[in-house]
Amino acid sequence: MNEVLREVAALSPEEREERLAALAPELIEDITKPRVHVKELPALEKAESGVVMRFAPNPSGPLHLGHARAAVLNDAYVQRYGGKYILRIEDTDPKRVDPDAYAMVREDIAWLNLSIHEVVYQSDRFDLYYQYGRDLTERGGAYVCTCENEQFRELKMARKACPCRGLTVEENLALWERMLAGEFYEGEASVRVRTDLEHPDPAMRDFPAFRILHAPLHPRIEAHVYPLMNFSVAVDDHLLGVTHVIRGKDHIANTRRQRYIYDYFGWPVPVYRHYGRMGIEGVILSTSQMREGIRSGAYQGWDDIRLGTLRALARRGIEPAAVRSAMIDIGTGDTDISFSWDNLYAHNRAIVDPVADRYFFVPDPVPLKVRDAPVQTARALLHPNDPGRGTRTLPFLGEVLIPREELGRAPEMIRLKDLFNVRVTESDEGYVLTYAGEDLADARAGKAPIIQWLPAESYLPAVLVTPEGPVAGACEPAAGTVQGKVVQFERVGFARIDRVEPQELIAYFCHR
RNA sequence: GCUGCUAUAGUGUAGUCCGGCCAAUCAUUUCGGCCUUUCACGCCGAAGACUGGGGUUCGAAUCCCCAUAGCAGCACCA
């Protein structure tokens with residue numbers, strides 16, 4: 001073995017390639033062909049025999065890029081180590097539940113291609129939470145607190161116990177039953193986990209586990225005693241057998257709080273990893289802000305092109321696989337990062353470029369007759385790197401549409417792509433195009449720009465919707481046949497054909 | 001204020017645990033060039049970083065201390 005290694009090391013790269021060609025020609029292609037680099041996530045400890053992980057969104061709206069990070073990272077590890085991926089809908093706060101979001105979350109997860117094996121709703125599990133809440137109280141790990149909120153806060157900051165902390169288990173159980181029986185109104189009682197009043201971090205001191213809420217009503221269940229996140233999450237993670245949890249670092253304190261609950265019950269603690277905060281330039285990720293923007297009419301809907309929701313990305317033609325690899329690229333680092341659209345676009349371009357058919361889109365079109373030009377039909381490849389895909393045809397009858405912007409550059413000659421060359425002159429009536437031959441070499445020699453164009457007699461009016469606003473133009477009628485697909489408008493960029501209305505095509509700009 | 005986490009190029013990331021092989025990886029980005037009937041793709045090349053200051057050591061991106069900066073938590077939200 002060592003001898004072989006030494007032998008190989010002694011060879012020059014050329015020699016190695018020769019030897020490989022002789023030994024295993026089929027492998028040559030592997031090293032030659034460009035390979036989409038797939039970054040490997042760091043190994044997870046205690047994962048060798050499989051993992052159970054979960055994605056636990058709050059159904060307050062559709063999923064956005066922030067959710068995608070947690071969803072994809074957990075999914076990637078489940079796929080890598082094998083095991084189970086649980087979708088847990090965390091709907092324990094009726095104030096933050098949007099009934100429509102249940103469906104939206106499921107749709108977004110389907111789009112992301114997550115390998116979910118099991119779905120649980122926390123609102124189905126309240127009896128379980130009550131059962132363990134009672135259990136925890138019996139163990140002395142929790143007490144019912146009837147203090148004024150503000151008063152408790154002050155005591156906590158002063159590291160002092162509130163009067164309720166000294167109640168006996170029996171007294172606590174009695175109060176607990178009264179809570180469940182509906183004898184307290186909102187804010188009058190809560191259940192707290194007994195932790196450590198001397199804990200240096202005030203966030204750890206006797207945090208709440210249950211609260212009372214009478215309004216709004218929960219869309220799925222009837223309840224007035226609601227578990228708080230730290231309690232329901234700890235109970236569920238244990239009951240569902242979750243072995244590894246990957247979540248944002250805003251949960252670091254929660255992880256420590258949940259540890260108290262694990263310890264009271266004597267449960268083994270999962271492996272946690274907390275990734276850093278991810279800022280995203282240009283879009284708001286706050287569900288409540290998005291909702292407000294939609295309500296006020298600033299945004300057209302949850303898939304408004306300016307939002308960071310997954311459905312907005314989908315509408316622009318971002319592929320789920322691109323989101324996935326972008327998130328894996330970012331990884332689980334605990335540094336705060338800023339999400340880069342450029343990087344996402346690069347991932348998407350790699351996926352979309354080989355498959356997107358090419359079409360002409362002429363922004364701000366100017367109709368111009370071409371003098372002395374012979375009538376003919378142009379054929380352009382649907383994809384330059386894959387002639388087998390066929391061509392589209394563009395009839396030239398004497399007049400063309402070209403982008404106004406090109407004329408502003410005052411070129412002497414222009415090559416209409418896949419057609420012929422034209423000379424550009426200015427007269428009293430404006431620009432004049434004159435046929436200047438078919439030879440591509442002439443255009444090359446004259447450094448003529450090769451531009452997209454459309455026949456003035458047959459085109460489809462089109463609007464390209466960009467984050468900066470709509471761009472009116474025209475496109476090939478054939479582009480109207482690929483509704484829902486991502487195409488490349490040559491020299492403009494990639495776009496998704498959103499819809500084709502009787503007299504107009506609407507496309508959403510994706511990226512260059 | 002208290003508690004905790006983090007700090008590598010414009011952006012993301014590897015290396016940091018176990019100091020030397022790091023004159024620091026890969027991707028993106030930008031700029032050149034080639035290819036090309038797209039300003040796409042592909043290919044070649046270049047640019048660009050260890051937050052600062054002390055200390056330990058023969059030797060520090062890596063260990064220690066201080067400073068600075070960013071972020072998070074201190075909710076009857078998740």
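Numbers restart at 1 for each chain; the letters A, B, ... are given by sequence-line order, proteins then strands. Small disclaimer: the values here were computed from a predicted structure and weren't measured.
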Distance between P atoms of B:A23 and B:U38 (Å, rounded):
44 Å
So A:Phe210, base contact, sugar-phosphate only, or nothing? Heavy-atom distance under 4.0 Å.
nothing
Taking the C1' atom in each of B:G73 and B:C17, what is the distance between them to the nearest angstrom?
27 Å
For B:A61 versus B:U16, give the span between their C1' atoms, rounded off to a whole number of Å.
7 Å
Value in whole Å for how far the C1' atom of B:U29 lies from CG of A:Asp329
14 Å
A:Phe126 and its ring pair (Phe, Tyr, Trp, His ring centres under 6.0 Å) partner, picked from A:Tyr226, A:Phe210, A:Phe231:
A:Tyr226
Report which part of the nucleic acid A:Gly187 touches: base, sugar-phosphate, or nothing (heavy-atom distance under 4.0 Å, all strands).
base
A:Ile328 has an atom CD1; how far is it from atom C1' of B:A27, in whole Å?
14 Å
Under 4.0 angstrom between A:Arg349 side-chain N/O and B:C41 OP1 or OP2
yes
Checking all strands, does A:Glu281 fall into the base, sugar-phosphate, or nothing category for heavy-atom contacts under 4.0 angstrom?
nothing
Using only modelled atom types and a 3.5 angstrom limit, is any donor from either the side chain of A:Glu406 or the base of B:C39 paired with an acceptor on the other?
yes
Just call it for A:Pro384: base, sugar-phosphate, or nothing, with non-hydrogen atoms closer than 4.0 Å on any strand.
base
Could you check whether A:Arg324 pairs with A:Glu319 (Lys NZ or Arg NE/NH1/NH2 to Asp/Glu carboxylate O, under 4.0 Å)?
no
Once you round it to whole Å, what is the distance between P of B:C39 and CD of A:Glu405?
14 Å
Picking from B:A78, B:C71, B:A75, the nucleotide nearest the side-chain atoms of A:Asp336 would be B:C71
Under 4.0 Å between a side-chain N or O of A:Arg444 and OP1 or OP2 of B:U37?
yes
Over all strands shown, is A:Leu228 touching base, sugar-phosphate only, or nothing at heavy-atom distances under 4.0 angstrom?
sugar-phosphate
Going by purine N1 to pyrimidine N3 plus the second Watson-Crick contact, or the G-U wobble pair, all under 3.5 Å, which nucleotide sits opposite B:C31?
B:G45
When the distance from CD of A:Glu40 to C1' of B:G15 is rounded to whole Å, what number comes out?
16 Å
Over how many whole Å does the gap from A:Arg153 atom CZ to B:G1 atom C1' extend?
11 Å
Mind checking if A:His251 touches a base, just sugar-phosphate, or nothing, with heavy atoms under 4.0 Å?
base
Can you tell me how far C1' in B:G32 sits from the matching atom in B:G15, rounded to whole Å?
30 Å
Which part of the nucleic acid does A:Lys156 contact within heavy-atom distance under 4.0 Å: base, sugar-phosphate only, or nothing?
sugar-phosphate
With respect to the side chain of A:Asp418, which nucleotide from B:G12, B:C39, B:U37 is positioned closest?
B:U37
Testing B:A7, B:C76, B:C39 for proximity to the side chain of A:Arg192, the answer is B:C76
Nearest listed nucleotide, side chain of A:Met229, among B:C39, B:A78, B:G73:
B:A78
Candidates B:U13, B:A40, B:A78 - which lies nearest the side chain of A:Asn58:
B:A78
Picking from B:C76, B:U28, B:U8, the nucleotide nearest the side-chain atoms of A:Thr335 would be B:U8
Identify the nucleotide, in any strand shown, that forms a Watson-Crick or G-U wobble pair with B:G20, with both distances under 3.5 Å; if there is none, say none.
B:C58
Using atom C1' in both nucleotides, what's the gap between B:C35 and B:G42 to the nearest angstrom?
8 Å
When you check the side-chain N and O atoms of A:His251 and A:Asn254, is any donor under 3.5 Å from an acceptor?
yes
If you count every heavy atom of other residues, nucleotides or ligands that lies below 6.0 Å from A:Arg80 atom CZ, does the total exceed 12?
yes
Please work out if A:Asn343 contacts a base, only the sugar-phosphate, or nothing of the nucleic acid, heavy-atom cut-off 4.0 Å.
base
Which nucleotide wins on minimum distance to the side chain of A:Arg409, given the candidates B:G1, B:U6, B:C39?
B:C39
Nucleotide B:G73, atom P - distance to CG of A:Asp201 in whole Å:
12 Å
Which nucleotide, if any, forms a Watson-Crick or G-U wobble pair with B:U38, using both distances under 3.5 Å?
none
A:Tyr260 side chain to A:Asn230 side chain, donor-acceptor N/O pair below 3.5 angstrom
no
If you check the A:Ser340 side chain, which of B:C39, B:A75, B:U11 turns out closest?
B:U11
Identify which one of A:Trp453, A:Phe489, A:Tyr459 satisfies the ring pair (Phe, Tyr, Trp, His ring centres under 6.0 Å) criterion when paired with A:Phe361.
A:Phe489
Picking from A:Asn172, A:Thr137, A:Asp206, what satisfies side chain to side chain donor-acceptor pair (under 3.5 Å) with A:Tyr143?
A:Asp206
A:Lys160/A:Glu198 salt bridge by N-O under 4.0 Å criterion
no
Pairwise C1' distance for B:C18 and B:U62, with rounding to whole Å:
10 Å
Take the protein atom CG of A:Asn254 and the nucleotide atom P of B:G73, then report the distance between them rounded to whole Å.
9 Å
Between B:C39, B:U28, B:G4, which nucleotide gets closest to the side-chain atoms of A:Ile252?
B:G4
Considering every strand shown, what is the Watson-Crick or G-U wobble mate of B:A9 when both distances are under 3.5 Å?
none
Nucleotide forming a Watson-Crick or wobble pair with B:C2, both distances under 3.5 Å:
B:G73
Do A:Arg192 and A:Phe152 meet the cation-pi criteria used here (NZ or CZ under 6.0 Å from the six-membered ring centre, within 45° of the axis)?
yes
Which is more 5' along RNA chain B, the nucleotide nearest A:Pro200 or the one nearest A:Ala253? Just name the residue.
A:Pro200
So what does A:Ser60 touch, heavy atoms closer than 4.0 Å: a base, only the sugar-phosphate, or nothing?
nothing
Examine A:Arg512 relative to A:Trp341 and say whether NZ or CZ is less than 6.0 Å from the centre of the six-membered ring and inside a 45° cone about the ring axis.
no
So, OP1 or OP2 of B:C76: does either fall under 4.0 Å of a side-chain N or O from A:Asn149?
yes
Regarding the side chain of A:Arg358, the nearest nucleotide among B:C71, B:A40, B:C74 is B:A40
Write down the distance separating the P atoms in B:G20 and B:A67, rounded off to the nearest Å.
28 Å
Quote, to the nearest angstrom, the P distance that separates B:U30 from B:C39.
15 Å
Just to be sure I understand the rule, does A:Gln488 reach a base, reach only the sugar-phosphate, or reach nothing, if contact means heavy atoms closer than 4.0 Å?
base
By nearest heavy atom, map A:Arg96 and A:Glu490 onto RNA chain B; which one lands nearer the 5' end?
A:Glu490
Under a 3.5 Å limit on both distances, the Watson-Crick or wobble mate of B:C50 is none
Length of the CD1-C1' vector between A:Ile450 and B:U36, whole Å:
8 Å
